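This report concerns only the one structure given below.
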Amino acid sequence: MPLVTFAARRRAFLVLLGLPAVLFVLLVALGPLLEGLRWSLYDHNLLRPQRTTFVGLDNYARFLADPSALRALANTFLFTLLAVGLEMALGLALALALWADRPFERVALIVMLVPVMLTPLAVGLVFKALLSAEFGLIGHWGRVLGVVGERGFFGDPRAAFASIVAIDVWQWTPFVVLILRAGLAAIPGELLEAADADGASSWQRLRLVVLPLLLPALLLALLLRTMDAFRLFESVFVTTKGGPGDATNVLQLYAVKQGLEFFNIGYAAAIANVTLACIAVLAVLFVLVLRRADRRMTGR
Amino acid sequence: MSRFLPRLVVTVALGLFLAPVLWLFTTGYKPARDVLGYPPTLLFRPTLDNFRTLGAYFDLAQLTLTSLTIAGGATVLALLLGVPAGYALARARSRLAMGVAYLFLAIRMVPPVATLIPFYVLMRDLGLLGTPAAVILVHGMLSTTFVTWLMFGFFRALPPTLEEAARVDGCTPLGAFLRIALPLAGPGLVAAALLAFMLSWNDFLFASFLTSARNRTLSVALLSAYGTREVTWGTMGALAHVATLPVVAVALLLNRFFVQGLTRGIH
């Protein structure tokens, strides 16, 4: 009997420790999320709150018929694909270059993290200035040397989109390096020595030994960067505001514009929920891939 | 393999990663006519004019105080709630605990606007819009989910035998948590506090839409330093010395914890 009460008391203690956090998160996170779900079914504008009406799924239908919204959706996916792809490729190359555990590499890895420590807003502003067509160092010389047209980086749809991708790659490649470098450090040295003893070329060693063992770290970096790239906001907000036209419009930016500039709460909630649904689908896909990779690693 | 090529690659990359940061801070010492000089150059005669303009147009004391209040408040809130929760999840080992852990992880993946817009309406109805409290609540929530995961990982790595031994010696469950487990998870606490503080200090989206002009944070002020007519990039560079330099310096000093927090709090 005393054993049972001991276990029960212990469980009660742990519940007591965990409960405040759970209640707080449910209140501040889940509460607004459910409110958002409800608002997306209403035509609700903060500038004329008395005319709020229930419209069912009209806001979602409006999304599907709104060229700006569809462009934002397509741009968000394209941005995520390009930015994360480049970050993974460059991150892997740099992590391999930083593999040795000597003072130079250790210091370089830490200093390289400075972009990660900066607020994304400051990063956006720095590049807005540097890429400015008239007074920016990169913008001016890019124009003079013919890398970009007369309207500068942010005046041309393609160049503007490429700039947004480049800014993200600049800030977040070091983060990928950090995760992959941690993965590399965990690879047992004997395996690499065995590969060398078997006369493997460095390419074979990379492809057959290093990359398979690095797979969990690669997937983790891919997951984290994808989730984050999909909710891009700051750098677009300060540089192009989605322009020129809708060339750099992305989902989060469009939702903020609709909700907090035009105060179309209903429609903005619908846009936010579409973003949420896309992220949820991506997350589930990732978990499935991770599980399969896990099963293959542990021998089916 | 020779060490030369990898080091060359790393050195070039470091240059590319650091040059824009150095540009940001050096712009703070650039005379106004050089900032908008044509064609743009790298060379200039340094001046402190921008820091004087900054003092004239911005209430630095208010900005710093608000940023500290919000980031400090959110960090304390997240630690008070997240650290015990992480311990409970690590020691409970039940299905319910794993359910809670994954719920927190899922909430961390929610795009900020999905909470921001309804939260904005909610705060408006409650009369809290424009106050630091609104921002502390949101940042505190975001950091609580993160701190819980981070501490979950740290406490799970501690063998429970130490706490069990303390219990046998007559320690209460709370005593075992506070006096045995908590000190052993010290590095985790530093990492959690550092990252929670940085999340809040560096945030722009919530801080800009939930605060009023009287309660702006330093990050939000950076945008107005860039924009208005009298003040220009030079002022932004000067303001960056207050808004970003201290945090980057602390993160570099505590790099061990920063890196641990980033690599351990995520899976």
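The model shown is predicted, which means the values in this text are computed figures rather than measured ones. Throughout, protein chains are lettered first and strands after them, A, B, ... in sequence-line order, and every chain is numbered starting at 1.
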Segment of B/Phe209 engaging chain A (4.5 angstrom heavy-atom cut-off): side chain
Where does A/Arg102 contact chain B at under 4.5 Å (heavy atoms): side chain, backbone, both or neither? side chain
B/Phe204 ring center near A/Phe237 ring center (under 6.0 Å): yes
Go through the atoms of A/Leu118 and report whether side chain, backbone, both or neither lie under 4.5 Å from a heavy atom of chain B. both
Between A/Gln171, A/Glu35, A/Lys128, which residue shows the highest count of heavy-atom pairs closer than 4.5 Å to chain B? A/Lys128
Whatever's closer than 4.5 Å to a heavy atom in chain A on B/Thr144 counts as side chain
A/Arg38 versus chain B, the contacting section by heavy-atom distance below 4.5 Å: neither
Interchain contact, B/Met109 with chain A, by part (heavy-atom threshold 4.5 Å): both
Heavy-atom cut-off 4.5 Å, strictly under: side chain, backbone, both or neither for B/Leu205 against chain A? both
Take B/Phe17 and A/Val111, measure what side chain to side chain contact (heavy atoms under 4.5 Å, CB included) needs, and give me the verdict at the end. CA-CA 9 Å; B/Phe17 285 126; A/Val111 177; over 6 Å; no
Chain B: which of A/Ala122, A/Pro32, A/Ala129 shares the most heavy-atom pairs with it under 4.5 Å? A/Ala129
Are B/Val250 and B/Trp201 close enough, and set up right, to give a side chain to side chain contact (heavy atoms under 4.5 Å, CB included), and what steps lead you there? CA-CA 13 Å; B/Val250 170; B/Trp201 186 275; over 6 Å; no
Side chain, backbone, both or neither of A/Glu234 within contact of chain B (heavy atoms, under 4.5 Å): side chain
Top residue by heavy-atom pair count (under 4.5 Å) with chain B, among A/Gly18, A/Ala21, A/Cys278? A/Ala21
Is the closest side-chain heavy-atom distance between B/Met236 and B/Thr27 below 4.5 Å? no
Report which part of A/Ala182 has an atom under 4.5 Å of a heavy atom belonging to chain B: side chain, backbone, both, or neither. side chain
Residue part contacting chain A, namely of B/Arg167, when any heavy atom lies under 4.5 Å: side chain
Bottom line for A/Trp99: the part with an atom under 4.5 Å from chain B's heavy atoms is neither
Using non-hydrogen atoms and a 4.5 Å limit, figure out which bit of B/Leu8 sits close to chain A: side chain, backbone, both or neither. neither
4.5 Å side-chain heavy-atom contact, A/Asn264 and A/Asn59: no
Which of A/Val250, A/Ile167, A/Leu253 passes side chain to side chain contact (heavy atoms under 4.5 Å, CB included) with A/Leu232? Answer is A/Val250
Scored by heavy-atom pairs under 4.5 Å with chain A, the best of B/Leu122, B/Thr148, B/Val259 is B/Val259
Find the one option among A/Ala93, A/Gly139, A/Gly136, A/Ala283 whose heavy-atom pairs under 4.5 Å with chain B are most numerous. A/Gly136
Cut-off 4.5 Å, heavy atoms of chain A, and the answer for B/Met141 is both
Which portion of A/Ser40 sits near chain B, non-hydrogen atoms under 4.5 angstrom: neither
Go through the steps to decide whether B/Arg91 and B/Glu163 satisfy the test salt bridge (charged side-chain N to carboxylate O under 4.0 Å, His left out), and finish with yes or no. CA-CA 11 Å; B/Arg91 289 292 176 257; B/Glu163 293 147 54; 2.9 Å; yes
Check each atom of A/Pro115 against the heavy atoms of chain B and say whether the ones under 4.5 Å are side chain, backbone, both or neither. side chain
Please state whether the side chain, the backbone, both or neither of A/Ile279 comes within less than 4.5 Å of a heavy atom of chain B. side chain
Given that the side chain runs from C-beta out, which part of B/Val113 has a heavy atom under 4.5 Å from chain A: side chain, backbone, both or neither? both
For A/Phe230, is it the side chain, the backbone, both, or neither that has a heavy atom closer than 4.5 Å to a heavy atom of chain B? neither
A/Ile271 versus chain B, heavy atoms under 4.5 Å apart: side chain, backbone, both or neither? neither
Which one, A/Val15, A/Thr275, A/Leu33, leads in non-hydrogen pairs under 4.5 Å with chain B? A/Leu33
Does the ring center of B/Trp149 lie less than 6.0 Å from the ring center of B/Phe146? no
Ring pair (Phe, Tyr, Trp, His ring centres under 6.0 Å) against A/Phe127, all qualifying residues, sequence neighbours excluded: A/Trp170
Counting heavy-atom pairs under 4.5 Å to chain B, which of A/Phe233, A/Trp39, A/Trp141 comes out on top? A/Phe233
Report the option among B/Thr11, B/Leu14, B/Val138 that has the most heavy-atom pairs separated by less than 4.5 Å from atoms of chain A. B/Leu14
Relative to chain B, which segment of A/Ala108 carries a heavy atom at a distance below 4.5 Å: side chain, backbone, both, or neither? both
Report which part of A/Met227 has an atom under 4.5 Å of a heavy atom belonging to chain B: side chain, backbone, both, or neither. side chain
Within residues 95-103 of chain B, which residues come under 4.5 Å of chain A, heavy atom to heavy atom? B/Val100, B/Leu103
Portion of B/Ala240 that has a non-hydrogen atom of chain A nearer than 4.5 angstrom: neither
